[in-house]
Participant: 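One structure, as structure tokens, below. Some questions next.
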Amino acid sequence: SMSVDPILLKCLDFAIKAEAKMTLFYNQMALAYSDDKELMDLLLMLSMDEAKHQIEFRQLKSTFQNAEITLLPEEKDHLLAMLLPQKMLNLAESQFSGNNLLNRDDLMLGVFQFEKESLNFFKAIMEITGENPVLQKIIDIEKKHVLAAKKIITTGTRYTSLEDSWDLG
């Protein structure tokens, strides 16, 4: 019978949960920053895209569940090490418990890093599972998110030293 490595399913479950959490977080931040149109528009776009990704990852999970996918030990280690950045997810959770609102710079830097690490995580899944149009579409959208976040950050001056870490790979 067909079998798929449980680590891969774990990664997809994690992505589904993360997308759900970030959909709410970005939406909440958009409301909090409604006086800053550029930022609000970006956050609303992120929120809508993450909601779509959640559905797409559910599709991917059912596709992969009926496939024969075996992971090498180093592939398992690589995927588990890359599981979406817990820092941003913890931060998303702490925002719901009424902590002080993030300032704009910290929020945008967090968004940039989260989206960039998500992009790398999704690319890693595709490297292991092979070309997939649904996953490729998610990756293309994530690239847009990274560039949009970078654009907002670079209109400020605080983060010019980050230039070295902007390589999307």
Side-chain angles (χ1 to χ4, degrees), residues 8 10-34 36-61 75 78-95 101-169:
L8 180 61
K10 182 185 172 169
C11 286
L12 292 172
D13 283 334
F14 190 86
I16 290 164
K17 274 192 218 126
E19 297 290 14
K21 201 179 278 186
M22 296 311 289
T23 298
L24 287 171
F25 176 68
Y26 286 147
N27 201 45
Q28 196 188 25
M29 292 297 101
L31 293 171
Y33 280 95
S34 55
D36 181 336
K37 188 170 176 351
E38 184 191 24
L39 183 54
M40 182 182 75
D41 287 347
L42 173 67
L43 291 164
L44 285 174
M45 177 192 79
L46 292 173
S47 179
M48 285 188 291
D49 286 346
E50 305 304 6
K52 285 182 208 141
H53 291 175
Q54 191 192 346
I55 296 165
E56 288 161 348
F57 275 115
R58 286 181 193 283
Q59 287 172 349
L60 282 170
K61 189 184 173 188
E75 289 176 328
H78 183 54
L79 280 183
L80 288 174
M82 287 185 83
L83 272 183
L84 287 177
Q86 205 56 50
K87 202 173 74 181
M88 190 70 178
L89 294 170
N90 291 344
L91 196 119
E93 266 174 355
S94 73
Q95 288 298 315
L101 186 65
L102 285 173
N103 73 48
R104 185 184 193 272
D105 287 345
D106 291 343
L107 172 65
M108 281 319 300
L109 193 58
V111 168
F112 172 71
Q113 288 169 337
F114 179 81
E115 295 293 330
K116 188 177 152 194
E117 288 174 46
S118 301
L119 173 63
N120 290 332
F121 178 57
F122 302 157
K123 280 180 173 173
I125 292 176
M126 195 159 77
E127 275 163 29
I128 289 167
T129 58
E131 289 296 317
N132 178 298
V134 177
L135 194 49
Q136 185 60 58
K137 191 176 115 185
I138 293 172
I139 286 168
D140 292 341
I141 300 278
E142 286 300 309
K143 282 182 185 168
K144 285 190 189 133
H145 290 179
V146 171
L147 293 171
K150 178 183 162 183
K151 185 170 165 267
I152 283 194
I153 291 170
T154 49
T155 54
T157 49
R158 260 184 67 184
Y159 297 120
T160 44
S161 62
L162 279 180
E163 241 142 7
D164 1 332
S165 67
W166 283 336
D167 174 30
L168 298 187

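Predicted model only: the values in this text are computed from it and were never measured. Numbering starts at 1 and runs along the sequence shown.
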Participant: Salt bridge (Lys or Arg N to Asp or Glu O under 4.0 Å) between Lys37 and Asp41: does it pass, once the steps are laid out?
Facilitator: CA-CA 6 Å; Lys37 188 170 176 351; Asp41 287 347; 2.5 Å; yes
Participant: Would Lys123 and Glu142 satisfy side chain to side chain contact (heavy atoms under 4.5 Å, CB included), going step by step from the backbone distance to the final call?
Facilitator: CA-CA 10 Å; Lys123 280 180 173 173; Glu142 286 300 309; over 6 Å; no
Participant: Quick one: are Lys10 and Leu79 in side-chain contact, heavy atoms under 4.5 Å?
Facilitator: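 Sidechains of Leu79 and Lys10: no contact.
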Participant: Is there a side-chain contact between Asp49 and Lys52 (heavy atoms, below 4.5 Å)?
Facilitator: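 With C-beta onward as the side chain, the pair touches.
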Participant: Quick check for you: to the nearest 0.5 Å, what is the distance between Leu24 atom CG and Met22 atom CE?
Facilitator: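 With rounding to 0.5 Å, CG (Leu24) is 10.0 Å from CE (Met22).
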Participant: If you define the side chain from C-beta out and look only at heavy atoms, does anything of Lys143 sit under 4.5 Å from Ile139?
Facilitator: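 When only atoms from C-beta onward are counted, Ile139 and Lys143 do touch, with a gap below 4.5 Å.
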Participant: Between Ser118 and Phe114 (side chain of the first, backbone of the second, donor and acceptor by atom type, cut-off under 3.5 Å), is there such a pair?
Facilitator: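 Yes.
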Participant: Less than 4.5 Å apart, side chain to side chain, heavy atoms only: is that true for Leu80 and Phe14?
Facilitator: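 No; the side chains remain at least 4.5 Å from each other.
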Participant: Less than 4.0 angstrom from a charged side-chain N to a carboxylate O is my criterion; do Arg104 and Glu38 meet it?
Facilitator: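 A salt bridge is present here (some side-chain N lies under 4.0 Å from a carboxylate O).
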Participant: Is it true that Asp140 and Lys137 make a salt bridge, defined as a side-chain N closer than 4.0 Å to a carboxylate O?
Facilitator: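 Salt bridge: no.
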Participant: Hey, does Leu46 have a side-chain heavy atom less than 4.5 Å from the side chain of Glu115?
Facilitator: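 Side chain of Glu115 against side chain of Leu46, heavy atoms only: contact under 4.5 Å found.
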Participant: Please verify the inter-ring angle class for Phe57 with Phe122; under 30° counts as parallel, over 60° as perpendicular, anything in between as tilted.
Facilitator: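 If you compare the ring of Phe57 with that of Phe122, the planes turn out tilted.
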